[in-house]
Amino acid sequence: MPRYNPKEVEPKWRNRWSEAGCFNAEPPGDKPNYYVLEMFPYPSGHIHIGHVRNYAMGDIIARYKKASGYNVLHPMGWDAFGMPAENAAMQTGSHPSTWTYANIEAMRDQLKRMGLSIDWTREFATCDPEYYQQQQRLFLDFWRRGFAYRKESYVNWDPVDQTVLANEQVIDGKGWRSDAPVERRKLSQWFLKITDEADDLLAALDDGRLSGWPDNVKLMQKNWIGKSKGLSMKFRFADETSEFTRPDGFEDGLEVYTTRPDTLFGASFCAIAPDHPLAAHFADGNPELQAFIADCLKSGVSEEAIEKAEKRGFPLPIELAHPFDDRRLPVYVANFVLMQYGAGAIFGCPAHDQRDLDFARKYGLSVLPVVLPPDANSAAFEIADEAYVGPGTLFNSAFLDGLSIEDGISAAIAKIEEMGHGACATQYRLRDWGVSRQRYWGCPIPAIHCGKCGIVPVPEKDLPVKLPEEADFSVPGNPLDRHPTWKHVDCPQCGGKGTRETDTFDTFVDSSWYFSRFAAPAPDKPVDKTAADYWLPVDQYIGGVEHAILHLLYARYFMRLMRQCGYLSVDEPFANLFTQGMVVHRTFRDESGEWILPEDVTVENGVARRRDGKGGPVSIGPIEKMSKSKRNVVSPEAIAETYGADAARWFMLSDSPPERDVEWTAAGVDGAWRLVGRIWDTVSPAKDLLKKNGLSKPAADNALRQATHNAIAGVTDDIDNFRFNKAIARIYEFLNILKKTKTSSDWAQAEALGALTQLIAPFTPHLAEECWETLGGEGFVCEAPWPKPDPALLARETLVLGVQVNGKRRAELEVAADADNETVKKLALSADAVKRHIDGKTIRKIVVVPGRIVNIVAN
RNA sequence: GCGGACGUGGCGGAACCGGUAGACGCAACAGACUUAAAAUCUGUCGGGCAAAUGCCCGUGGGGGUUCGAGUCCCCCCGUCCGCACCA
């Protein structure tokens with residue numbers, strides 16, 4: 001029997017699939033259609049094992065659906081714009097385009113070697129001018145319809161390199177290259193009005209349009225959109241004769257937004273954001289405040305950085321009047337108040353908000369509790385280090401005393417409205433989507449700045465606005481901005497001198513509609529509407545949880561815009577979503593703290609050493625998401641080279657449930673390799689068995705037939721429910737039975753081996769084809785109809801029940817599947833082990849759960 | 001800081017709606033085959049007491065609900081992901 005050799009077998013079948021065009025989607029016809037998509041990769045140059053896992057999952061679904069009779073679309077492309085290419089250009093001098101396309105070449109090869117059932121005829125990269133031209137066209141449409149606008153917004157600014165930094169380039173508040181403390185700087189940038197769609201994006205999460213999405217992702221998006229109902233009110237200034245003269249716009253006082261107007265009586269201060277206009281007003285001529293504000297702007301722009309910073313404030317020389325009594329509230333500029341949320345100003349109720357409490361303790365402000373927990377004593381209740389945010393009854397609150405929080409909120413709003421100080425208001429946490437990036441390697445924003453006409457769209461006939469081929473990457477900053485000629489153009493309206501917009505799009509724009517271009521490519525428009533309507537929405541979308549919010553929310557938003565512009569008819573792009581876990585790996589460092597590749601390390605008894613025995617001690621770090629920077633990566637190429645693609649795919653999907661993180665271990669893939677050999681050794685002796693006629697069919701109680709149909713039913717169910725690890729366990733079980741079952745029936749053998757081959761086909765497609773050919777199956781196994789289980793062979797005649805006495809298992813009982821409860825009780829009581837445990841006790845109750853368990857309660 | 005998840009043998013995990021905890025795989029150990037090794041095959045494999053069968057403990061920790069809890073509720077601990085310019 002020849003040994004299975006993946007190096008010969010795998011390329012052979014890939015060529016045959018490719019020649020036959022097995023995986024090219026068919027034109028619309030009688031078959032139901034199914035669109036499977038994995039999030040497309042960034043062309044970093046190498047596929048990593050996480051890609052293998054992601055694409056193997058999609059491939060299983062694609063192959064399974066194809067075998068089940070669907071017209072399947074399973075495309076692939078490249079999320080090709082982005083910073084790494086530009087970083088590479090700075091480091092090595094290679095042009096981002098050269099670097100990117102070379103990476104794509106390499107990765108396409110690597111992906112092809114995984115044996116994925118992809119329709120490569122639809123491949124494109126987002127950096128192809130044919131793609132980004134259509135993106136520019138979409139943007140012009142959005143702009144025309146008022147979905148896009150410009151406003152000022154902050155960026156991370158590196159004062160030494162004189163460049164904008166991404167959040168990930170800010171490390172501990174410092175620029176990654178210069179090590180200089182970053183600052184926030186204001187730039188005029190492009191935004192898309194995603195907040196206009198906030199209500200519908202939110203509604204779809206709950207109204208069934210996204211019933212195929214996991215609840216945790218929907219919840220995260222819901223929290224991200226963060227719709228809240230509250231009170232928008234103005235605090236009047238306390239002192240008419242203050243040295244302060246009111247600035248324009250603040251004649252009526254300071255506007256704040258709150259979701260907890262019920263706690264107004266607990267207010268002890270107000271605070272405004274460092275970039276609030278009122279702060280600017282007071283900073284004028286106040287160097288100390290200027291310094292404080294500048295200091296606040298010396299943290300990164302990420303919300304995380306702002307929220308984690310120590311709460312600090314700067315008192316302003318004014319006081320505000322409490323709306324309900326004669327208290328005066330001091331006003332601070334505070335670093336934890338966000339200008340972009342609500343009114344950029346808050347009132348602080350320290351007793352019932354942790355941030356406010358921290359702040360109040362630091363500045364010696366009063367802490368008056370106004371919500372009394374259900375069982376607390378109003379005289380004794382005090383706030384120590386923790387704010388009370390639970391339910392309760394209002395007290396210390398005059399006309400609100402005794403009300404619940406909910407009623408208190410309504411009552412407070414009513415009162416403020418009656419006083420004319422404010423009104424109830426709805427707020428969103430969601431902000432408009434800033435799409436401007438001050439970088440070269442992205443899709444140019446098709447706009448022209450003209451001294452006379454303002455900002456003018458590039459006429460459609462002039463699209464695409466292509467990136468200039470020559471660019472200087474030797475210094476930080478935006479190469480488009482300092483390009484000698486590119487940006488200088490004539491204004492399309494007045495013909496005068498103008499300059500191009502030098503910002504490019506956020507790469508999330510590129511990935512917000514690529515799936516519709518896969519489904520419906522067209523030469524002269526973003527999508528072909530007929531094809532888009534046929535294929536969309538994507539039936540099954542698969543990708544990492546790290547995209548749960550931004551990418552998925554932006555894509556949902558884009559579909560709404562494209563529908564409003566008449567490009568297609570859906571508003572939800574992804575009918576079913578699966579978020580797979582990441583591939584993680586142990587990290588290792590040498591004595592100088594440098595990261596070491598896992599393949600260079602051996603671990604014995606918890607002690608890590610270098611494999612070559614050289615060098616100093618190796619410290620074992622935490623298990624983390626695989627990343628180039630920490631070098632905790634493994635190369636799928638090397639694995640596939642040694643074991644073949646099938647073993648690599650099998651291992652990535654066995655053991656860990658798909659939604660959970662999986663830790664890569666070298667030992668695991670060995671087991672997968674053994675399985676490939678075992679299957680081949682089991683199937684290959686049965687040459688042409690499927691071709692043999694006249695085999696006699698055995699009786700229905702044949703054990704092998706039952707096992708076969710159990711396996712078919714189980715694996716099918718597991719694939720349908722994304723439980724690939726369980727499907728694999730069932731295949732192992734089936735294989736174990738297959739090898740143990742001594743059957744004289746060739747008919748049952750043929751059925752079993754045929755089914756085994758079909759069941760493994762989505763997982764190990766090359767091996768399956770080779771087995772199928774050996775067995776004498778017709779055509780490709782990837783095109784053979786998926787087997788169906790025979791219900792008659794799935795039924796069980798007897799069941800084994802556990803018998804408990806007082807909740808502890810004491811015996812097992814084999815009973816007929818249709819035995820009634822009385823029979824089961826009698827049998828249970830007559831078991832020896834049961835008798836021993838109920839001896840001398842009175843039976844109080846017998847619980848019989850049919851098909852499961854019997855519990856005898858006795859004392 | 002805010003939001004979302006996760007925690008079961010030496011390891012990855014299984015356990016459906018609250019019903020026999022540990023399927024399946026990996027590692028380990030023992031045996032068969034072999035001059036030997038590899039590969040392959042067979043068996044054992046949560047801990048403890050017993051060593052035939054039985055008993056006690058055991059699903060991150062503590063409490064609770066229930067005839068019965070890995071699963072439900074409350075509190076705590078730990079790990080991971082996201083936080084709007086990484087993709």
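- Using a 4.0 Å heavy-atom criterion, one finds that A:Gln438 contacts the bases of the nucleic acid, with or without backbone contacts as well.
- Within 4.0 Å of A:Gln189, counting heavy atoms only, lies at least one base atom of the nucleic acid.
- Residue-level contact check: A:Arg439 touches the bases, meaning some heavy atom is under 4.0 Å from a base atom.
- Across B:G22 and B:G58, the matching C1' atoms stand 11 Å from one another, rounded to whole Å.
- Ring centroids of A:Tyr732 and A:Phe734 are separated by 6.0 Å or more, keeping the two rings apart.
- Residue A:Arg355 is out of contact with every strand shown, counting any heavy-atom pair closer than 4.0 Å.
- Counting non-hydrogen atoms under 4.0 angstrom, A:Ser511 reaches nothing in the nucleic acid.
- A:Ser654 comes within 4.0 angstrom of nothing in the nucleic acid, heavy atoms only.
- At the heavy-atom level, A:Arg836 lies under 4.0 Å from the strands shown only through sugar-phosphate atoms.
- When heavy atoms are screened at a 4.0 angstrom cut-off, A:Glu304 is found touching base atoms of the nucleic acid.
- Using a 4.0 Å heavy-atom criterion, one finds that A:Phe508 contacts the bases of the nucleic acid, with or without backbone contacts as well.
- The nearest whole Å value for the distance from the CG atom in A:Asn855 to the C1' atom in B:G18 is 13 Å.
- The distance from atom CG of A:Asp358 to atom P of B:C2 is 10 Å, rounded to the nearest whole Å.
- Base orientation of B:C17: syn, since the glycosidic angle falls within 90° of 0.
- If you check B:C24, B:C85, B:C6 against the side chain of A:Glu733, the one that comes closest is B:C24.
- Residue A:Asp655 places its side chain closer to B:G25 than to any other of B:G68, B:G25, B:A14.
- Defined by atom type and a distance below 3.5 Å, a donor-acceptor pair is missing between the side-chain atoms of A:Glu152 and A:Ser188.
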